[in-house]
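See below for the structure under consideration.
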Amino acid sequence: MASGALADVIRHKLGDLSPAERKVARVLLANYPSAGFETVAVLAERAGVSAPTVIRFVNRLGYRGFPDFQTALREELDERNASPLSLYESADRTRADEAPAGEASLLEQGSRLFSSAVGQTLTELPPHDLEHAVSLLADGRRRITLTGGRFTHLLAQYLGLHLMQLRGDIRLLPAGDVERTAALGTLTRRDVLVVFDYRRYEEDKVTMARLALEQGAKVILFTDRWLSPVSAHAEVVLPSLVTTPSPYDSLVPTLAVVETVVAGVVAALGDEAPARLRHTEETARRLGLQ
């Protein structure tokens, strides 16, 4: 089985499925992950197919049967909900069976993990989603609003600051309740809401994405391989691995994705990008900020 979230695996398998199996896949994706815990009979009825079709579908994903599929889904949910403390305790149990690591081994471990995670993330990133994200962010007719979570607000800000130097109508979602409500309440069809949401997902991000969609805006989601619930409302989903030597999820692969998106926007803007940068630098010079 592929190491990504089951929803991501199902999406990648859609082209290989029979029409009846695709019906099962769409029901699962539309109600992920809860639909995966239904019985075979209920899932078959909701998809309008036979029970054997459901079994064939999970077989195509590489599982021996439906209970095997549900076990994998439960394990994925445990990973999705893991906290730094639970990850620390799990790593601590592993370390207890190993010799203490020296400085060199820690550097080697970091080099191996981060290099592998970045490489795998970029290799598995859906090209269509990347191109669509670049197209939306480079469209000067659209207003871009960015928001993140406890740690990922830093990446939202990082992406936002780059975009501000390349084009206009970029804003970070305000922290204050009144300002935030006003910003979200004015989203329209010309808006794009960029959301960073990683495991231990934040419920307000789902609400924001749902509001944006209802008001006609597009949603771009940066998330982990288990996929934030925001993915149900997102036009574009850009998943990353979060592998790290510490109990905290790594945002290094996500930063690589952000940098790749920025490079794509620069290329898509063509001559507009350097013209905007020259104007920005001239303004900064006159303000004595350089």
Side-chain angles (χ1 to χ4, degrees), residues 2-11 28-37 70 72-90 117 120-121 124-126 129 133 145-160 172-175 177 180-181 183-184 187 192-215 217-244 246-258 261:
S3 61
L6 286 179
D8 204 30
V9 174
I10 293 169
R11 286 190 186 93
L28 283 169
L29 292 174
N31 301 276
Y32 189 84
S34 59
F37 293 110
Q70 290 184 321
L73 187 56
R74 289 190 189 92
E75 291 173 352
E76 178 183 299
L77 290 180
D78 287 342
E79 289 186 90
R80 284 180 63 172
N81 297 324
S83 68
L85 178 59
S86 65
L87 291 172
Y88 180 86
E89 291 171 342
S90 175
Q120 188 175 344
T121 291
E124 296 181 354
L125 203 64
D129 279 350
T145 304
L146 302 100
T147 185
R150 291 176 294 272
F151 289 92
T152 55
H153 73 278
L154 297 171
L155 289 178
Q157 184 178 34
Y158 182 77
L159 175 57
L172 298 170
L173 193 65
D177 292 343
R180 175 169 289 211
T181 299
L184 292 171
L187 294 178
V192 176
L193 178 65
V194 180
V195 179
F196 288 78
D197 193 32
Y198 289 70
R199 65 178 170 183
R200 304 190 77 194
Y201 312 108
E202 299 177 14
E203 185 59 35
D204 66 325
K205 302 302 180 297
V206 180
T207 303
M208 290 176 195
R210 187 182 298 117
L211 281 170
L213 192 62
E214 289 172 358
Q215 292 165 204
K218 305 292 188 183
V219 178
I220 296 175
L221 172 66
F222 289 80
T223 187
D224 51 43
R225 68 186 180 96
W226 299 282
L227 304 184
S228 157
V230 171
S231 61
H233 310 289
E235 177 93 0
V236 177
V237 179
L238 300 173
S240 303
L241 297 183
V242 294
T243 311
T244 176
S246 81
Y248 293 95
D249 286 346
S250 171
L251 296 178
V252 170
T254 301
L255 183 59
V257 174
V258 169
V261 168

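FYI, side chains are in, hydrogens and waters are out, and symmetry mates aren't considered; it's all heavy atoms of this structure.
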>> Ignoring hydrogens and geometry beyond distance, is a side-chain donor-acceptor pair present between Tyr198 and Thr254 at under 3.5 Å?
In response: yes
> Does the side chain to side chain contact (heavy atoms under 4.5 Å, CB included) test come out yes or no for Phe37 and Arg74, once each step is laid out?
Replying inline: CA-CA 9 Å; Phe37 293 110; Arg74 289 190 189 92; 3.4 Å; yes
>> Show the nearest heavy-atom pair for residues Pro253 and Thr121, with the distance to one decimal.
In response: CB-OG1, 3.5 Å
> Of the non-hydrogen atoms in Ser228 and Asp197, which two are nearest, and what is the gap between them?
Replying inline: OG-OD2, 2.7 Å
> What is the distance from atom CG of Leu173 to atom CG of Leu184, rounded to the nearest 0.5 Å?
Replying inline: 5.0 Å
> Looking at CE of Met208 and CD of Glu203, how far apart are the two atoms once the value is rounded to the nearest 0.5 Å?
Replying inline: 11.0 Å
> What are the two closest heavy atoms between Leu187 and Ala217, and how far apart are they?
Replying inline: CB-CB, 4.4 Å
> Ion pair present between Asp204 and Arg180, side-chain N to carboxylate O less than 4.0 angstrom?
Replying inline: yes
>> Quick check: do Pro239 and Asp224 have side-chain heavy atoms less than 4.5 Å from each other?
In response: no
>> Using side-chain heavy atoms (C-beta onward) and a distance below 4.5 Å, is Leu211 in contact with Leu193?
In response: no
>> Please evaluate residues Arg150 and Arg200 with respect to the criterion side chain to side chain contact (heavy atoms under 4.5 Å, CB included), reporting the C-alpha separation (whole Å), side-chain torsions for both, the decisive distance (0.1 Å), and the verdict.
In response: CA-CA 10 Å; Arg150 291 176 294 272; Arg200 304 190 77 194; 3.5 Å; yes
> Which pair of non-hydrogen atoms, one from Val206 and one from His233, has the smallest distance, and what is that distance?
Replying inline: CG1-NE2, 4.0 Å
> Once you round to the nearest 0.5 Å, how far does CG of Leu154 lie from CG of Leu159?
Replying inline: 13.0 Å
> Which pair of non-hydrogen atoms, one from Ala209 and one from Val219, has the smallest distance, and what is that distance?
Replying inline: O-CG2, 3.9 Å
> Rounded to the nearest 0.5 Å, what separation is found between the CG atom of Leu6 and the CD atom of Glu75?
Replying inline: 9.5 Å
> Out of curiosity, Leu255 CG to Phe222 CZ, how far, rounded to the nearest 0.5 Å?
Replying inline: 10.5 Å
> Would Tyr158 and Leu251 satisfy side chain to side chain contact (heavy atoms under 4.5 Å, CB included), going step by step from the backbone distance to the final call?
Replying inline: CA-CA 12 Å; Tyr158 182 77; Leu251 296 178; over 6 Å; no
> Rounded to the nearest 0.5 Å, how far does CG of Leu241 lie from CD of Glu124?
Replying inline: 6.5 Å
> How far apart are the closest heavy atoms of Arg11 and Leu227, and which atoms are they?
Replying inline: NH1-CD1, 3.1 Å
>> Take a 6.0 Å sphere around CZ of Phe151 and say whether it holds more than 12 heavy atoms from other residues, nucleotides or ligands.
In response: no
